[in-house]
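What follows is a set of notes on a single structure, which appears directly below.
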Amino acid sequence: MTKARICHVAIPSVPFFDVFDYLAAEDDDLESLTAGIRLEVPFGKRTKIAFLMATSVESHYPLEKLKPILRIIDNKPLVSELDLQLLHWVSRYYHHPIGEVMSAAFPVALRQGKEAVIKKMPATRQEEQISRPIICNSAQQHAVDKVTDTLGQFGVFLLDGVTGSGKTEVYMQLIQTVLDKNQQVLVLVPEITLTPQLQERFEARFNTFIAISHSKLTDTQRKNAWLLMQSGECLLLLGTRSALFTPMPRLGLIILDEEHDSSFKQQEGFRFSARDVAIMRGKFAHVPVLLGSATPSLESLYNVKQARYHHLPLPERAGSALPPVVEIIDIRQQKLQEGLSPILLNEMHLTLARNEQVLLFLNRRGFAPTLMCNECGWVARCVHCDANLVIHRHKSLLRCHHCGTEHRLINTCPVCQAHNLVSVGLGTERIESVLGRLFAEKTVIRLDRDSTSHKGSLEAYLAQIHAGEAHIILGTQLLAKGHHFPNVTLVAILDVDSGLFSTDFHSGEKLAQLIVQVSGRAGREQKQGKVMLQTRQPAHPLLVELLRDGYSQFAALALQEREMAKLPPFSYQALLRAHSENEALPVNFLQSVADLAQTLNEFKVQILGPIPAPMARRAGQYRYQLLLQHDNRNGLHHLLRQLVPHIGGLNPRQKVRWSIDVDPVDLY
Ligand code: ADP
Ligand code: ZN
Ligand code: ZN
């Protein structure tokens, strides 16, 4: 042990799990070296912005090997002790390097070492026309009271309310109570597209500045939002999962809307669940966490059953809105017009004649998912992936949705030279074109990732829908979530079947959530809504049960199935993924990880694999995975703690790219 003024720092973008030790310079003021400030340090031939995690007088390294820090950037900590404790916990739980975790907690501008000052203060709010709270019904009031009673303590609440049951009203009443105490509120939503409408409702209700944080904002905007919360100047933050770590010195309440949504799980790099970490944040900060959903995740329902979460049901639509009528349309033997059945078309005409809006859901963008030769059977495949190329007619392209490869759209078969290429299957572009023909005098809006790629375009479309300028709204999952379109009375899911057959055990839960969520867009105010589900599997048990008994019954049965199969939440999983251009490398690497795990396996964790990933080749990379599963969380994490530090050593010269996904929500 070497005694000196040692700084233990976390450094982003380096493949090491631990902190690094540096020396404070002779003339550094030791008082200013507080955990939570940024430093500039030498690293190899370059310098890096690092985060000071702790100081001490001891290092495991010889003093003469330690380099001095170059510069102290901040004169006071940007994150608190409590924030650091949470980030340490997160790093340990997700087995992810502390430098990367720290980096995720800071906006890009601050990671780059920019000064922690707000360039332009937001204008103060006018006292613009504040809307009044609605009088709660008894279920809403019960929910508000329960959470209010817990302010100042930790507790998790599941606001389990059918779409349109007034969950947002419950959030707003609780937010007002916390703002009145001059405390801060963190509100998380799964999708950027959901921020504008919630922002609008909050702005109409609260006489306070609302900070917004998501990945489509500029670095400066995000830095400003972060600093406004961090300094305590702003009380209300609305954002997506990346906003979760924003420091809030007077945090009073965390709200997470659409808690079932898998977008709360980051799927690359630092694979954390914003929901689970939000709960941990609430626990560290002694504040209640309110999860809301019309279709709660099976995990959250299980936690309710285990009495870990408090259940706050809102069983009925608020106000006068009635639940929609749901019909299954058996499309076998029906003459479809580009995927639209006569029954659906008829209903669309009736709806439009009443001056009401129609919403069509199809979770596939592009014109058609397959280009095929009618003479020889050739199919346009991506050369880099195990996937077909998708036809994009508007841009005259064939595009791979997995690696982004593009080719010009062709009209001659490259194998037999026949001019007989056909588009197989349906995409949103194709439906859009048939709607243009069948409903020529109506305005159709297509909402998918292609049509909304320009900044501001989604907002413009949403405004058009709200203004009643769009008659038919067609879209992908962008539409499924949380949107409130009062004049939509007919909703159709054009292809339910694409979700019925999947190898991932989460798929049934996801499809049921999707059906209920999309259905929830119908008839949200005075007019009763109708929902049509087009399927070739009208007797599929999932559909039958869901429509007959509702989501909570469906979820209860699905939980029983998970229990029998010992799948999460009745077991805990971690997925190791590995990929490389050379097929042998990821298999051999994961096999050596599995062998090592076997030697460390005190608690008999199941070690399953290595097996090829469901999409075994993607972007030229061969992909394999190894699943670790145990019915006890501690047993699994005990093994991971032993194993993970040695994994790097099994990968000489880092030839294989690998990652760990704790609590995976997708086994792809
Ligand atoms: P959710 O978030 O559950 O989908 P919202 O909070 O958006 O539901 O409420 C749906 C509609 O019902 C909104 O127009 C809202 O103003 C209205 N609403 C909410 N609570 C009540 C209530 N207690 N009485 C009457 N209308 C209500
Ligand atoms: Zn051909
Ligand atoms: Zn590809």
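Numbering of ligands and ligand atoms starts at 1, following listing order. Excluded from the calculations below are hydrogen atoms, water molecules and symmetry mates; all remaining heavy atoms, backbone and side chain alike, are included. Here the structure is a predicted model, which is why all the values come from computation and not from measurement.
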Is it the side chain (CB and beyond), the backbone, both or neither of [X] that lies under 4.0 Å from ligand 1, heavy atoms counted?
X	result
I134	side chain
Q140	side chain
I135	backbone

Q) the Zn ion (ligand 3): which protein N, O or S atoms are under 2.8 Å away? A) C382 SG, C385 SG, C400 SG, C403 SG
**Q.** Cation over ring face, R617 and Y622, 6.0 Å, 45°
**A.** yes
(Q) Is the terminal nitrogen or CZ of R393 (NZ for Lys, CZ for Arg) located under 6.0 angstrom from the six-membered ring centre of F367 and within 45° of that ring's axis? (A) yes
Q | Ligand-side contact atoms (ligand 1) for residue partner N137, heavy atom cut-off under 4.0 Å | A | 23 (N)
Q) For ligand 1, which atoms, with element, lie under 4.0 Å from some heavy atom of E169? A) 6 (O)
**Q.** Closest approach of L462 to L447 (non-hydrogen atoms, all atoms of both residues)
**A.** CD2-CD1, 4.3 Å
Could you check whether [Y] and [X], counting side-chain N and O atoms only, form a donor-acceptor pair closer than 3.5 Å?
X	Y	result
N363	T476	no
Q176	D180	yes
S263	D261	yes

Q: Give yes or no for whether the N/O distance cutoff of 3.5 Å, strictly under, is met between S165 and ligand 1.
A: yes
Q: May I have the step-by-step check of side-chain hydrogen bond (donor to acceptor under 3.5 Å, both in side chains) for H311 and D160, ending in yes or no?
A: CA-CA 7 Å; H311 194 212; D160 178 0; 2.8 Å; yes
Residue pair [X] / [Y], side-chain heavy-atom distance below 4.5 Å:
X	Y	answer
V162	E316	no
M172	P133	no
N411	L409	no

Q | Worked check of side-chain hydrogen bond (donor to acceptor under 3.5 Å, both in side chains) between E509 and S297 | A | CA-CA 8 Å; E509 175 187 2; S297 62; 5.0 Å; no
Measuring from [atom], which candidate in [options] has the nearest non-hydrogen atom?
atom	options	value
atom 5 (P) of ligand 1	A139, S131, P486, G166	G166
atom 21 (C) of ligand 1	G161, C136, A318, A294	A318
atom 7 (O) of ligand 1	E258, K167, R201	R201

**Q.** Any residue meeting salt bridge (charged side-chain N to carboxylate O under 4.0 Å, His left out) with E429, in chain and number order, not counting sequence neighbours
**A.** none
Q) Counting only protein N/O/S, how many atoms fall short of 2.8 Å from the Zn ion (ligand 2)? A) 4
**Q.** Close aromatic pair by centroid cut-off 6.0 Å: H392 and H407
**A.** no
Taking distance alone, no hydrogens or angles, what donor-acceptor pairs closer than 3.5 Å link side-chain atoms of residues 486-494 to residues at least two apart or in another chain?
residue: N487; atom: OD1; partner: K527; partner atom: NZ; Å: 2.7
residue: N487; atom: ND2; partner: N355; partner atom: O; Å: 3.1
residue: T489; atom: OG1; partner: E356; partner atom: OE1; Å: 2.7

Q. Does ligand 1 have any atom that is closer than 4.0 Å to a heavy atom of G164?
A. yes
